[in-house]
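One is the number of the first residue; the rest follow in order along the sequence. Counting starts at 1 for both ligands and their atoms, following the listed order.
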Amino acid sequence: MSAAAVQTARGLDLEARGHAMHALAERLFPLHRSQTGDGLRRTLAEIGREVAMEVREIPSGTRVFDWEVPDEWTLRAAYVADGEGRRVIDAARSNLHVVAYSRPVRARMPWRTLRDRVHTLPDRPAWIPYRTAYGRDEWGFCLDHATWKALDREPDREYEVVIDATLAPGAMTVGEIVLPGAGDGEGLLWAHACHPSLANDNLSGIVVAAELARWLGERERRLTWRIVFAPATIGAIAWLWSRGDAVERIRAGLVLALLGGSGGFTYKRSRRGDAGVDRAAAHVLAGSGEAYEIRPFEPFGYDERQFCSPGFDLPVGRLTRTPHGEFPEYHTSADDLAFARPEDLAGSWAVAADIVACVEGNVTLRATKPYGEPRLDVHGLYAGQGGADDGGAAIRRAAAWVLNQSDGGRDLLAVAERAGLPFDAVRRAADVLIETRLLAEETGRSHDRKETP
Ligand code: ZN
């Protein structure tokens, strides 16, 4: 992509954006997020201080398609203390120390009884793993293996084991930023918000989504954009269940996750494989100068599984850097704030913003004077645009392509692909040609519109 095009979406303040996103991640990092509960609520409230957000509570027990909204988990304390009251494991030191959704426990037991309840990573003895007990009547702790081994030397030593938690009917919290657009289509940006104290998974997705919301909020919009923060899986299913009206209008969407780390980008196509967002992502990444890989859809991964389930089959892809399970820090305490650096976040935001800008600007046009080339000078084009400078030449080249290819059947992205030009150059040429009435928008054409039977 040309420097000019990159600059359009990314702005000159990329470095400042990177630091702003990292600062938000720092504020969110200590909050104890889970599928439900106050950590999730406080996370959404903190994001809502930056961009106005609608927060909804979906009651426990609500049937959502084949699923049910879980009971709310509230944790007050979780620790293992020795005979002197010294806490050898304490969730106050790291949220990862307690298995999420552990049922309450208050007992005394020797280490040989407790040891199998304490999860470690023997291959990474300094790291604490992240574990959940969603939907299971369990409890447990997570610990670095080095400490576990030290405790394991005295199997008969007695410990006080406390998980002071409540698992009871409450609600699951979902946050949604809605930015109305001029047209009737919608765009979706989605970040899972249920993980505690892990920076890449998924504070990176959360802060990039929040920054995209702030940026989109300051732009004119064709699509209405919904930026949603919710627990993975059950949050996506409940959102789809409760937002049938919006779902019908979705023309493009991105699941945003794992956007920290220094790895290259991975775009996972929608189930359709050739949706506008798939083409936009491929076009932007090809011109980004970044290392990247494009993968086909598969029914594994993050919330694209729900958006791309057959009943919805939405045009929603997934943008990550290195995917889950493919970097050693995944779901461990090593996925910390140093792992998602400001420059990684800034680069991720820039790619995501370029894809969003491409989706926003991609319309199908029709030349109003298609018989022979129109006489551009007669239509007052380029008279005041210098003409000698490089920008003028580039836009004339893009204009020639747009005029030639806009027969009502090709969208602007197809024009850019065929011309080998950055989308932004084609879009800017189109804007000039629309203004001079040499092009008109072809309404009602979008192959990403959900077909109604
Ligand atoms: Zn995860």
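- Aromatic pair F65/F312: ring centres closer than 6.0 Å.
- Taking the six-membered ring where the residue is Trp, the centroids of H331 and W127 are separated by 6.0 Å or more.
- Note that OG of S197 is 8.0 Å distant from CG of L31, once rounded to the nearest 0.5 Å.
- Between Y130 and Y330, the distance separating the two ring centers is not shorter than 6.0 angstrom.
- Distances from the Zn ion (ligand 1) under 2.8 Å pick out these protein N/O/S atoms: H195 NE2, D201 OD2, H331 NE2.
- Between K149 and D152 there is no salt bridge, since no side-chain N of the basic residue sits under 4.0 Å from a carboxylate O of the acidic one.
- In this structure, the ring of F229 has its center no less than 6.0 angstrom from the ring center of H192.
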